[in-house]
Asker: 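A single structure is presented below for examination.
What's counted below: heavy atoms across the whole structure, side chains too, no hydrogens, waters or symmetry copies.
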Number of protein chains: 2
Amino acid sequence: MLLSKSCVYGVQAAIYMASLPRNEYVAIQEIARELNISFHFLTKVLQNLTQAGLMVSYRGPNGGIALARPTSSINLADIIDAIDGSDIFHECLFGLPGCGIADPCPAHENWSTMRARLHNLCHMLTLEELGKRANQLNVRLANASVPMKPATLIAAITNSSQAPIEK
Amino acid sequence: MLLSKSCVYGVQAAIYMASLPRNEYVAIQEIARELNISFHFLTKVLQNLTQAGLMVSYRGPNGGIALARPTSSINLADIIDAIDGSDIFHECLFGLPGCGIADPCPAHENWSTMRARLHNLCHMLTLEELGKRANQLNVRLANASVPMKPATLIAAITNSSQAPIEK
DNA sequence: CAAATTACAGATAACATACTCTGAAAAATG
DNA sequence: CATTTTTCAGAGTATGTTATCTGTAATTTG
């Protein structure tokens, strides 16, 4: 797989949060249940995202995690970077350490343009866009056969209040 | 990494063989030494390729493995298929089982075109082309800092005799 | 202040991938 | 026919990823 499972979980959680009508603290428990991910494992994954400054967390009742920035200013590449690192975007197809223009592998030229396209795509896909899509009917996000609860409807109301609601 | 290490080794070995002036039986020992790969491990990897019909093998002194078809009719996708399987070319970015047009994930549209491009590229890159490139100066193939022995020179003589030399 | 709820932290287990080692089977050579 | 060279086959080891479990710290609520 291109992305590690940890990374996929992180992305799914982020999209789930972006799909909510407002940016509020959501319990990891809820995300894990909704996306059918192991709670404790997801906790660890999301800690990467808070440490990277993409999310903020709050303990205690009604606590949870929330996006640290507007959905329009967080993209797929940000999340991948924070969890898997940026290797996919820069690494040689064959993993050769010094592969580059000066010392290329036989696939360098083709692969480097491919990588650039991938990086571009991941940079372009913001949580705003992905969250919108997740809210559209017939768009799935969860891992299991358990369908996501009827996507919180008022998706049209784009998140105007971006910062997490103050406690 | 996009490709498993096994897969990379298989590809490297195949390119190495394609870079030789003629398609003859080469001892796995030699390939392993030249590419700085564990001999026993490479043996297992290459068995995948012989079982998939991409290579043929011959035991005993002066034995080894050889390409089963002309370098022009084996491509990167063939090798990846044989070792890692074709998941990378078909799988959802998030690994969601039923992801498709009918039941897409939020990234399906973008990712499926990306995948198609990747598949295209791997299909286009034949061993003939990759072997040629490997023979050009300043093109590397091996894993370690040990440089490949001066690429067997007569690269211009494209392999006209395609079947492995009969024993 | 006690109880409940949450994120945080660390240990441990299960599993897959990468790698090593030992021995067998096939083929050539003298 | 014995020896050498090679692929083939399988067991075993090491390491990293994924998943589980148990406990702690922070925060709210009554």
Side-chain angles (χ1 to χ4, degrees), chain A residues 1-13 17 24-33 35-52 54-68 83-85 87-88 94-95 143-144 164-167, chain B residues 1-13 17 24-33 35-52 54-68 83-85 87-88 94-95 143-144 164-167:
Chain A
M1 243 195 322
L2 181 71
L3 306 177
S4 74
K5 244 168 167 198
S6 297
C7 189
V8 168
Y9 292 161
V11 172
Q12 288 177 330
M17 292 169 64
E24 54 193 354
Y25 284 96
V26 184
I28 300 178
Q29 193 73 253
E30 174 189 330
I31 305 176
R33 180 176 10 95
L35 299 180
N36 208 48
I37 303 172
S38 149
F39 164 62
H40 288 288
F41 193 67
L42 182 59
T43 290
K44 289 212 181 316
V45 171
L46 293 181
Q47 276 168 20
N48 289 329
L49 296 183
T50 61
Q51 279 160 22
L54 297 174
M55 295 187 177
V56 289
S57 67
Y58 206 87
R59 297 193 201 187
N62 299 318
I65 57 170
L67 299 172
I83 300 177
D84 274 355
D87 277 359
I88 356 166
F94 305 149
N143 297 285
I165 298 161
E166 289 300 327
K167 308 298 292 187
Chain B
M1 244 197 317
L2 181 71
L3 306 177
S4 73
K5 246 171 167 196
S6 297
C7 190
V8 168
Y9 292 161
V11 171
Q12 287 177 331
M17 292 168 65
E24 54 194 353
Y25 284 97
V26 184
I28 301 178
Q29 193 74 253
E30 174 189 329
I31 305 176
R33 180 177 9 95
L35 298 181
N36 207 48
I37 302 173
S38 149
F39 164 61
H40 288 287
F41 194 65
L42 182 59
T43 290
K44 291 218 179 309
V45 170
L46 292 181
Q47 277 168 19
N48 289 330
L49 297 183
T50 61
Q51 279 160 23
L54 297 175
M55 294 187 177
V56 289
S57 65
Y58 205 86
R59 298 194 201 185
N62 297 318
I65 58 169
L67 298 172
I83 299 178
D84 275 355
D87 277 359
I88 356 166
F94 305 150
N143 297 286
I165 298 158
E166 288 299 326
K167 308 299 291 190

Asker: If you compare every side-chain N and O of A:Tyr58 against the phosphate oxygens of C:dT5 (OP1, OP2), does one of them come in below 4.0 Å?
Answerer: no
Asker: Counting heavy atoms from C-beta on, name the nucleotide in C:dA18, D:dA9, C:dT6 closest to the side chain of A:Arg59.
Answerer: C:dT6
Asker: Determine whether A:Leu42 and A:Leu35 make a side-chain contact, defined as any pair of heavy atoms from C-beta on separated by less than 4.5 Å.
Answerer: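 In short, these two side chains do not touch, never coming nearer than 4.5 Å.
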Asker: Measure the shortest side-chain to side-chain distance between A:Ile31 and A:Ile65 over non-hydrogen atoms and say whether it is less than 4.5 angstrom.
Answerer: yes
Asker: Write down the distance between CD1 (A:Ile28) and P (C:dT6), rounded to a whole number of angstrom.
Answerer: 11 Å
Asker: Is any side-chain nitrogen or oxygen of A:Ser6 closer than 4.0 Å to OP1 or OP2 of D:dT18?
Answerer: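 True: A:Ser6 side-chain N/O within range (under 4.0 Å) of D:dT18 OP1/OP2.
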Asker: Starting from P on C:dC19, measure out to CD on B:Gln47 and report it in whole angstrom.
Answerer: 17 Å
Asker: Any donor-acceptor pair under 3.5 Å linking the side chain of B:Asp84 with the backbone of B:Ser4?
Answerer: yes
Asker: Of the candidate nucleotides D:dT5, C:dA9, C:dA7, which contains the atom at the shortest distance from the side chain of A:Lys44?
Answerer: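 Nearest to the side-chain atoms of A:Lys44, counting from C-beta on, is C:dA9.
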Asker: Starting at CG of B:Asn62 and ending at C1' of D:dT7, how long is that distance when rounded to a whole Å?
Answerer: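 After rounding, the gap between these two atoms is 14 Å.
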Asker: In whole Å, what is the span from the CG atom of A:Leu3 to the P atom of D:dT17?
Answerer: 14 Å
Asker: Taking any heavy-atom pair under 4.0 Å as a contact, classify B:Leu46: base, sugar-phosphate, or nothing.
Answerer: nothing
Asker: Is any side-chain heavy atom of A:Val11 closer than 4.5 Å to one of A:Val8?
Answerer: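 Of all side-chain heavy-atom pairs linking A:Val11 with A:Val8, none is under 4.5 Å.
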Asker: So do the side chains of B:Asn62 and B:Tyr25 get within less than 4.5 Å of each other, counting heavy atoms only?
Answerer: no
Asker: Let's see if you can work this out: which of C:dA9, D:dA19, C:dT20 has an atom nearest to the side-chain heavy atoms of B:His40?
Answerer: C:dT20
Asker: Which nucleotide, C:dA27, D:dA9, C:dT6, lies nearest any side-chain atom of B:Pro61?
Answerer: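 Nearest listed nucleotide: C:dA27.
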Asker: Report the residue (A:Lys5 or A:Gly60) whose heavy-atom-nearest nucleotide on DNA chain D is the more 5′ of the two.
Answerer: A:Lys5
Asker: At less than 4.0 Å, is any side-chain N or O atom of B:Tyr9 found next to OP1 or OP2 of C:dC19? Yes or no.
Answerer: yes
Asker: Can you find a side chain N or O atom of B:Thr43 that sits less than 4.0 Å from OP1 or OP2 on D:dC8?
Answerer: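 No.
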Asker: Would one find a side-chain N or O of B:Ser38 under 4.0 angstrom from OP1 or OP2 of C:dA18?
Answerer: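 Result: no.
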Asker: Measure from CE on B:Met1 to C1' on D:dT17 and round the result to the nearest Å.
Answerer: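 Distance check: B:Met1 CE to D:dT17 C1' gives 14 Å.
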Asker: In terms of side-chain heavy atoms of A:Phe41, which of C:dA18, C:dC8, D:dA19 is nearest?
Answerer: D:dA19
Asker: For B:Leu35 and C:dC19, give me the distance from atom CG to atom P, rounded to whole Å.
Answerer: 14 Å
Asker: For A:Phe39 and D:dT18, what is the distance between atoms CZ and C1' respectively, to the nearest whole Å?
Answerer: 17 Å
Asker: Please report, rounded to the nearest Å, how far the P atom of D:dC21 is from the CD atom of A:Gln29.
Answerer: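 The answer, rounded to whole Å, is 13 Å.
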